[in-house]
Protein chains: 2
Amino acid sequence: MVTIDDVARLAGLSKSTVSRVINNYPHVSPAKKQKVYQAMDALGYVPNSSARSLRNKKTQMIAVLVPRLMNPFFGQLVESMEIEATKNGFQLLICQTMYSKETELGHLELLKMKQVDGMILASLENEWETVSEYLPYGPLVMCNEFEDSANIPIIKLDQIHGGYIATKHLLRQGHRKLAYCTGGHKSMVGQHRKIGFEKALKEHGLTFENRYGFFSAYSIEHGIEVFKQIHQMKDPPTAVFTGSDEVAAGIITGAKEYGVDVPGELSVIGFDNQVISKIMDPKISTVEQPIELMAQQSIQVLIETIKSKDFPKRERYEFPLELIIRESTVSGPLRAV
Amino acid sequence: MVTIDDVARLAGLSKSTVSRVINNYPHVSPAKKQKVYQAMDALGYVPNSSARSLRNKKTQMIAVLVPRLMNPFFGQLVESMEIEATKNGFQLLICQTMYSKETELGHLELLKMKQVDGMILASLENEWETVSEYLPYGPLVMCNEFEDSANIPIIKLDQIHGGYIATKHLLRQGHRKLAYCTGGHKSMVGQHRKIGFEKALKEHGLTFENRYGFFSAYSIEHGIEVFKQIHQMKDPPTAVFTGSDEVAAGIITGAKEYGVDVPGELSVIGFDNQVISKIMDPKISTVEQPIELMAQQSIQVLIETIKSKDFPKRERYEFPLELIIRESTVSGPLRAV
DNA sequence: CTGTTAGCGCGTTCAT
DNA sequence: ATGAACGCGCTAACAG
C-alpha cells in the first residue's frame, strides 16, 4: 500500500506538505504543489479513509434507517438520499430494521462506534425516549416518521392534510359509508392520516365507524383479504380509504374476482402515487408524496448539523401532499371535486 | 469519548488485556475478564471503528453497485444483501451508478481508499478491462451481471434458459410472429436472454425478425410506446417477449387503451415476477428469478474471499429460472405447456 | 496469563 | 512556505 510517506519521499518533500496539498491549504508554493501532484499519480496514491477518519473524527458516512427496502416508497426514498449524499461527499450506509426493535437498536450502535457521522431515521420502532439516548453520540434527523416530543430536525409530509383531501374527495363523490384501511396504528404517519380522515368526516356530520376500520393492511394480499371482509358485510361501505397503493390495488383485485365494479359499486383511493396506481385497471386515485424533496432536505439538514458540530436543533419541515384523481373513485364524468 | 485506555484504567489493567477480552482471546483469567466487562459498561464503552479499521486493515464494510434502487429488482436484491451482510457482521454501503460510467468509476475508488473490504457488482457500465484494474485493491464479485472474461466469482441466473422457456411457452401457444422487447443491448443479461429467445425460435424453424425487435424499453411508459408502434404495423406480431414485468404491464396498458384484447389478440410475457405481474388484469405470465438466493450467495462468496485474503478465484454459480404462467399468454383453457 | 512497546496512515500544532 | 514530531484509538508482537 502506498502511503503519504511514499509520496513525500518521491516528491522530495515532507508529509506535512503533501497533506497540505491534498486538503488544499492556502499557502503552498505552486512549484511544490506540482511536484506533489506528479508524485501522487505516479504512485497512484489515494488517501486511506480509515486513517483520515481516525484523525479527523469524521467518517463522511451517514446511515439511513428504513423498515425494509422492498417497499417501493423506501426504495425511492433511499435512491434520492444516496444521490444527494454522494453529491455532498458523503457515503450512505443502509440499515433495515425489518420492523424489529432490537435490530433498530443494533443499527443505532453505529453512532457509538463512530462509524457514521449521523443518521436519518425513516423508521422508528422503539420509543423516542429510548432512541434519544443515542443523541449524544451523533446527530439524528427524522424523515417521514415523526414524534412531537423529539427535539431534532424533522422532515415530514403533511399527513393530516393528505388524509383529509383524500377523504374529502370521497365525500364529495357522495359517499357516506367510508372504510378506513391502513397499516399499523403505531406509526405517527398513520395516526395523522386518521386525524385528517376524521376531520373530513366531521365536516360532513359523520364519525369514524369502528366496524369500517382495518389497521393491519400493508400489502396487496392484505388488500384482497380486506375486500373479502368488506364484501361479506351486510351494510358494506361504498368507498375505502387506504394507506398505500398496494393495498388499494389488492382491494381492486379482490373486487374483480368477486365481480364487484370499481368504482361503480366500490370506490377505492390509494396513497403514494406509485407506478402501480397508474396502470391498474381502473387507474387508482391516490395522494402524491414529494419523496425526492423530502429525501434531499433530510440529507442536507443532517449534513449541515454534522458540519455545525452543534447539537441538532428542533426544526420542522413539512411538504405538501397532492390529490391525484384517477378512475378508481370516479364513475362517469367528474362531479364536483 | 471513552477509549480503551479509560476502560483499562478503571479496571486496573492494561490496554492489551482489555483488547483481549473485547476480541475474546483465549487466555484471559475469568476474574479479570469480569473486571473488564464491568468497567466497559460502567463507562458505556464501545470500540471506535475507525481505529479498528486502521489497525486491522479491514473495515467490515462492503459496497454494492447497482444502477438505481427504484427498480424493484434491485430493491429486492439490495434488501436481501443487507440482511445477509448484517448477519455476517458486515455493513452494506450502497452505490448507484445511475447508468453512468464515470459515477461507477467514482464508486470503485472506495476500494483504493480502503473504505470497503470488497465490492459486489450488480451493475457494469464500464468495460471489464477497465474495472478489472481495481482488482488489486480488493475483491470483486459479480452478481446478476456477468462477463465471461472476468476471472472472479460470478453469481448469476441462467438467462439463456430464461429467455428460452418464456419463448418456448409462447411458441407452444401457437404463436409464430414474436416481438422481442427489452432494455439495452449492452448488458450481458439481455444478450443471453436474446440467445435463449433465438434458440427457441430456431427449434420452430423461425429466425429473429429485426422489425419485431425493440431494444430500449425499460419502463411502463416505454411499454405503452412500444405497443403503439406494434399496433400500427401492417403485419403485427401476435405475442411479445419483454425484459421486465413493468414493460409488459405497459404494453398491456397500451393495449387496453386501444381496445386490443390481451391475450386474445396479443399475448405478452414479462420477466421478474414482480408484484405487478400478479395484479395486472390480465395477470402477467412471467419468469421468476431467485433474487434472494443470488443475493445471499453473492454476499457469502465475497465475504469468504475477503477472509481468505487470496485473490478472488474464477468461480461460477448459476441459479435456475422458472416459468410462471398466468393470464397474459393463455386464452381459455391451457394448451400444452 | 498479563503488561510494555511500537506502529497502522494521517493531520496538525509548533517551530523555523 | 515548509518540516519535525506527536497522537487519534486500537491491536499485535515481544517479554516476562
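Throughout, a chain's letter reflects where its sequence line sits, starting with A, and its residues are numbered from 1.
Nearest to the side-chain atoms of L54(B) among the listed nucleotides dC8(C), dT2(C), dC10(C) stands dC8(C). Comparing dG7(C), dC10(C), dC8(D) by their nearest atom to the side chain of K57(A) picks out dC8(D). Residue Y25(B) places its side chain closer to dA12(D) than to any other of dG9(D), dC10(C), dA12(D). Checked against dA4(D), dC10(C), dG9(D), the side chain of S14(A) finds its nearest nucleotide in dA4(D). Nearest nucleotide to the side chain of T3(B), out of dG9(D), dA13(D), dC10(C): dG9(D). Among the nucleotides dT2(C), dA12(D), dG9(C), the one closest to any side-chain atom of V28(B) is dT2(C). The side chain of S29(B) approaches dC1(C) more closely than any other nucleotide in the set dC1(C), dG9(D), dC10(C). In this structure, of dG9(D), dG3(D), dC10(C), it is dC10(C) that holds the atom nearest to the side chain of Y45(A).
In this structure, I4(A) atom CD1 and dC8(C) atom C1' are separated by 14 Å, rounded to whole Å. Summarising the geometry, the separation between NZ on K58(B) and C1' on dT11(D) is reported as 15 Å, rounded to the nearest angstrom. Summarising the geometry, the separation between CE on M1(A) and C1' on dG7(C) is reported as 15 Å, rounded to the nearest angstrom. Atom NZ of K114(B) and atom P of dC10(C) are 12 Å apart (whole Å). Distance I22(B) CD1 to dA12(D) P: 12 Å, rounded to the nearest Å. The distance between atom CE of M113(A) and atom C1' of dC10(D), rounded to the nearest whole Å, is 14 Å. Separating the CG atom of N56(B) from the C1' atom of dA12(D) is a distance of 10 Å, rounded to the nearest angstrom. Taking atom CG of L13(B) as the reference point, atom P of dT4(C) lies 11 Å away to the nearest angstrom.
Across all strands shown, K15(B) has heavy atoms under 4.0 Å from base atoms, whether or not it also approaches the sugar-phosphate. Residue contacts shown for S16(A) include a base, since a base heavy atom lies under 4.0 Å away.
No hydrogens or angles considered: a donor-acceptor pair under 3.5 Å links the side chains of E145(A) and S187(A). Side-chain atoms of S19(A) and S16(A) form no donor-acceptor pair, as typed in the model, at a separation below 3.5 Å. Looking at S50(A) and S53(A), their side chains never bring a donor and an acceptor atom within 3.5 Å of each other. In summary, the side chains of S80(A) and Q76(A) do not present any donor paired with an acceptor at a separation below 3.5 Å, with no hydrogens or angles considered.
DNA chain C is contacted by both T17(B) and N23(A); T17(B) maps to the nucleotide lying nearer its 5′ end (nearest heavy atom per residue). Between V46(A) and P26(B), the residue whose closest nucleotide on DNA chain C is further toward the 5' end is P26(B).
In this structure, L108(A) and L121(A) have side chains that are in contact, with non-hydrogen atoms separated by less than 4.5 Å. Contact check for K112(B) versus Y45(A): no side-chain heavy atoms found under the 4.5 Å cut-off.
Contact between the side-chain N/O atoms of R52(B) and the OP1/OP2 oxygens of dT11(D) is found at a separation under 4.0 Å.
With hydrogens and angles ignored, no donor-acceptor pair closer than 3.5 Å exists between the side chain of R55(A) and the base of dG9(D).
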